[in-house]
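Numbers for residues simply follow the sequence, beginning at 1. Side chains included, hydrogens not; waters and symmetry mates left out as well; all remaining heavy atoms used.
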Amino acid sequence: MKRASLPLQRREFITLLGGAAAAWPLAARAQQAAMPVVGFLSSRSPGESNDLVAAFRRGLRDSGFIEGQNLLIAFRWADGRYDRLPALAAELVDLRAAVLFAAGGPPAAFAAKAATHAIPIVFSAVSDPVRLGLVASLNRPGGNLTGMGIFTFDLATKSVQLLKELVPTAAVIAYLVNPSNPGAELYVKEAASTASALGIAVHVLNASTEHELDEAFASVAKLGAGGLLVPGEPFFESRRDRIVALAARHAVAAAYTFREYAVAGGLMSYGVSLPDAYRQGGIYVGRILKGEKPTDLPVMQPTKFDLVLNLKTAKALGVTVPDRLLALADEVIE
């Protein structure tokens, strides 16, 4: 009798074991589902944003959140195509994200704002969010948004002055803008006002596609422009290597907003640290996940602006960097 009962006991054991094995994935999925989801909406492309994503994760970690352990991140990339942002934002809302992180300037921030009035939104690297109408004020943003401002309108003024000092013979400068960016018009006004005060004429070059970028750089010499300003713009950042290569090919003395351009071979950059803005964004997302409200979190303002000069590029362009700029520079690439 005992021998007859052994197969039965074995079958029962296998059945129980199989049931437990089937339950393990369910338990893992249930645990995963219990984690809050952060929707990461970016105007940029993933390939050139690795350091920014790493900085964002550092900010989350500083707030006690580690991806895969007590937090999930759902990434959506527009790759510089702003028309894709509304659909991508809607996808993240459908995922019931606990917080949306709008990365890549005004286009992503406005897309996130249009997609939801309920889910908290933290934006990163938005130029003057009050003037753009994104928030009510810096100290009391209002609504469901807060984040990091970079105030590139003020940077436009300083960049014109620095470019004039770097190329003192320039009577005309070109200004590259993406007309599909909500901040484009304000960028141009600020730059034109400063240039006029310095006796410099400004030619605006519009580019929202790679073909238009090629045409814009080819036209700089025809316009007689002594230099080019490239403001902080997600589409441009997603094509950074192409832009730097075009500047070299057409021998254009160009000034950029972010350090990454100078590191990639650009002549000069002046602006805030973009990775630091993403790290601060991660910290704000963590604070909201812990219960704070966006309206109670002031829009953070940059306190440090770095001047980076690439002497190798200056030599290739035949540009002599004044000693005063060398002394002012926070970083000199040789």
Exercise. Decide yes or no for Leu138 and Val130: does some side-chain heavy atom of the first lie under 4.5 Å from some side-chain heavy atom of the second?
Key: yes
Self-check item: Non-neighbouring partners of Arg279 that pass salt bridge (charged side-chain N to carboxylate O under 4.0 Å, His left out), sequence neighbours left out
Solution: Asp62, Asp276
Quiz prompt | Ser137 and Asn139 side chains, donor-acceptor separation under 3.5 Å | solution = no
Quiz item: Under 4.5 Å between any side-chain heavy atoms of Val299 and Met148, yes or no?
Solution: no
Quiz prompt | Sequence neighbours excluded, every pair satisfying side-chain hydrogen bond (donor to acceptor under 3.5 Å, both in side chains) that has a member inside residues 86-114 | solution = Arg76-Glu91
Self-check item: Side-chain heavy atoms of Met300 within contact of Thr146, under 4.5 Å
Solution: no
Quiz item: Tell me, which pairs form a side-chain hydrogen bond (donor to acceptor under 3.5 Å, both in side chains) where one or both residues lie in residues 213-226, sequence neighbours left out?
Solution: His211-Glu215, Asp214-Arg242
Quiz item: Looking only at heavy atoms, what is the nearest atom pair of Phe123 and Pro129, with distance?
Solution: CZ-CB, 3.9 Å
Exercise. Indicate the atoms forming the closest heavy-atom contact of Ser269 with Phe258, along with that distance.
Key: CB-O, 3.3 Å
Quiz prompt | Side-chain heavy-atom pair Leu166, Leu267 within 4.5 angstrom cut-off | solution = yes
Quiz item: Parallel, tilted or perpendicular: which describes the rings of Phe56 and Phe101, with under 30° parallel and over 60° perpendicular?
Solution: parallel
Quiz item: Gly265 and Asn310: which non-hydrogen atoms are nearest, and at how many Å?
Solution: CA-ND2, 3.7 Å
